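Written below as structure tokens is the structure these notes are about.
Because the structure is a prediction, the values reported are computed rather than measured. Atom set for the values below is all heavy atoms of this structure, side chains included, hydrogens, waters and symmetry mates excluded. Proteins get letters first, then strands, A, B, ... in listed order; numbering begins at 1 in each.
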Amino acid sequence: MSTHSITPANAPDTPPGTPPAPPAGAGARRRSRRSGRHLAYWLIAPALVFMVLVHLIPTALGFALSFKNLNTFTFRQLFGAPWTGLDNYNAILFDSANPLHSGFVDAVRNTIFYTAATVTGTLAGGLGIALLLARQFPGRRTVRTLMLAPYVVPSFVVAVLWGFMWQSDSGIINKVLVDQLHLFHDRPTWLLGHNSLLAIIIPSIWRGIPLAMLIFLAGLETMPRELHEAAAIDGAGPWRRFRYITLPLLRPLIAVQLLFGVIYSAYQFTIPYVMLGSNPGSDADLIMTLIVRQSFSNNLIGFGAAASTLLMAVMLIWVAFWFRAFRRDLEAD
Amino acid sequence: MGVMAMSPRRRRRMTNWGLNALTYAVLVVMLSPILWLIASSLQTRGQLASGDYDLLHPTVAAFGQMWKSVDFGKYLTNSLIICTASAVLATAFAASAGYALARVPFRGQKAFGVGIVGTQLVPGSMFLLPVFLGFIWLKQNTPIHLFDTQLGMILIYTAFFTPVAIWFMRYFFLAIPPELEEAAMVDGCTRFGAFWRVVLPSAAPGLVATFVYAFLLAWDELLFVTALTATRAETIPVGIHNFIGNYSEEYAQLMAAGVVSTIPVMLAFFATQRWLVQGLTAGAVKG
């Protein structure tokens, strides 16, 4: 394909002064490969140093902190705080008299629900919109571009904006639902009690849909047309074609988004923290808001580290589970 | 005329129109919160409290007041400096590491690749707590001040967003034909020379997209900046959070602040959209 010759020995314009090219063969190739390897290490060095200093070492230290009794009284000792073995884990997981335990159970329940609802909603919404936008229609390019806008609104603005829209009396959502559509008798309270989890789920889905849509759209665009045409000739309706052709071909894309969507949602912090405050209440407290509140407002650093470790362990289990479930899709690539 | 009586062609046309209408309706629904944000920022505090908007007579008063209620200028400056610097550094590190992953085979390549994905698995709080304690320790025992400084946040964000940036850059390097650098090496360039003089310039769109993406992520980060700053190096998300705490009734100003903090990232995103979209979808589509 290239018009250039690739063998160095044949290079017509070797700069003057360079040593004659060694006989083309194993020796030269090995040497260039070895110098290439040194180069590779230099190239990854800056990134590696930062990852070791900010990710790897602190993660290990965080794990160590989870076995320490680090609270208001021992805070001055920093990393030198006394060891307590598994006390932090015990308190979180099993000590029902400990307020941290009930707080943790609430946060786990809310986080599971939040994650399941957000990921499902984002993928379903993204897929639905991608199917709509994959068609030919007037203004296709513009619509595709504009549809990305929610993704670019920063999370903290999303939280402020929706927090304002959810207001019970003056908020636009109740104005539409109650005053215009008369769906409810009384004005629902969105930011307190049971509804508050919904109040953070819906904006999260709204912000997540454009990215899911982009990924599905990219998948739909590379899909072979002939399959659909052949199936249509065989009499398969739109639903059957979607179910037996489109969906299986999109499986790898669904898999990847599930993997990262679950992790991203389980670690969500900004939206509940900005919309509902540092204590979103037992109905909407997520693991992350709980960890941050206990670690920084109440100085329970050891607790925070233990809860973080548990959260990470659950995510590792999720990754292992995911890998088993979708291994075939990964190999298909 | 009933649907059943229509000819198949006519029915297909009706379905098409219906789906087009649905598409536009979905777009309107998706955009309406953003339009509401803009509309609300152009009203007075009283109009927002009562909900009686006067969209025909907008006012920009809130955009003036918001700078005085909290020191929004400080937050904006901090955000711009911290996000720009860390996005530049992350892009630079990612360009070199991404090139190694894409083109220069080395021992431990697979482990490095897994490590990059692995960083995304660690909950922020897991390494935030030790980093927080470490910053405080440094402040107490050494002249290195990272707590509540722009430098501290820049270092953290650089590390934070380098892994994602590496995947971005790797994709853009893979898309460049290898013949390009092979030709340069035939012409006497070293491998590094080829990377520096030939590959990097042709990966310019990728560099821009990676920079914008890292900038977007840094702009949106709240957890670390909340914990690692106190008064001097706070960025916009902290400012907005402080604003809610102190002026919870000033919704017009809050909406104006929301608009102001969205504009820079919106502009950056839509200006570089073409390449950014490639980077965002490549990871998922190509595996």
Region of T162(B) that comes under 4.5 Å of a non-hydrogen atom in chain A: side chain
Contacting moiety of S40(B), where chain A heavy atoms sit under 4.5 Å: side chain
What part of L128(B) is in contact with chain A, defined as an atom under 4.5 angstrom from a non-hydrogen atom: side chain, backbone, both or neither? side chain
To the nearest 0.5 Å, tell me how far Y99(B) OH sits from L39(A) CG. 7.5 Å
Could you look at Q109(B) and say if it's the side chain, the backbone, both or neither that has a heavy atom under 4.5 Å from chain A? neither
Determine the option with the most heavy-atom pairs under 4.5 angstrom with chain B, choosing from V160(A), V292(A), I172(A), I129(A). I172(A)
Interatomic distance, OG@S170(A) vs OH@Y251(B), rounded to 0.5 Å, equals 7.5 Å
Turns out that what part of S66(A) lies under 4.5 Å from chain B's heavy atoms comes down to neither
Less than 4.5 Å to any heavy atom of chain A: does that hold for the side chain of F192(B), its backbone, both, or neither? both
Between F269(B) and Y151(A), is there a side-chain heavy-atom distance shorter than 4.5 Å? yes
Based on non-hydrogen pairs under 4.5 Å, which of V274(A), L259(A), V143(A) is most in contact with chain B? V143(A)
Taking everything shown except R274(B) itself, do over 12 heavy atoms lie less than 6.0 Å from its CZ? no
What part of F224(B) is in contact with chain A, defined as an atom under 4.5 angstrom from a non-hydrogen atom: side chain, backbone, both or neither? neither
Below 4.5 Å from any heavy atom of chain A, which atoms of F160(B) appear? Answer side chain, backbone, both or neither. both
What part of I240(B) lies closer than 4.5 angstrom to a heavy atom of chain A: side chain, backbone, both or neither? side chain
Under 4.5 Å heavy-atom distance to chain A, tell me which part of M126(B) shows up: side chain, backbone, both or neither. both
For L121(B), is it the side chain, the backbone, both, or neither that has a heavy atom closer than 4.5 Å to a heavy atom of chain A? both
Toward chain A, the part of P163(B) with a non-hydrogen atom under 4.5 Å: side chain
Engaged part of I166(B) at the chain A interface, taking heavy atoms whose separation is under 4.5 Å: side chain
What one should report as the nearest heavy-atom pair of P150(A) and I34(B) is N-CD1, 3.9 Å
Can you list every salt bridge (Lys or Arg N to Asp or Glu O under 4.0 Å) pair that touches residues 250-270 of chain B, not counting sequence neighbours? R45(B)-E250(B)
Whether Y41(A) side chain and R107(B) backbone form a donor-acceptor pair below 3.5 Å: yes
If one checks every heavy atom of V259(B) against chain A at 4.5 Å, the contacting part turns out to be neither
Max heavy-atom pair count under 4.5 Å with chain B, selected residue of L146(A), L61(A), I291(A): L146(A)
Do the ring centers of H241(B) and F156(A) come within less than 6.0 Å of each other? no
Mind running side chain to side chain contact (heavy atoms under 4.5 Å, CB included) on L43(A) and F106(B) for me, showing each step along the way? CA-CA 11 Å; L43(A) 287 174; F106(B) 60 96; over 6 Å; no
Which bit of L155(B) is near chain A, if near means a heavy-atom gap under 4.5 Å: side chain, backbone, both or neither? both
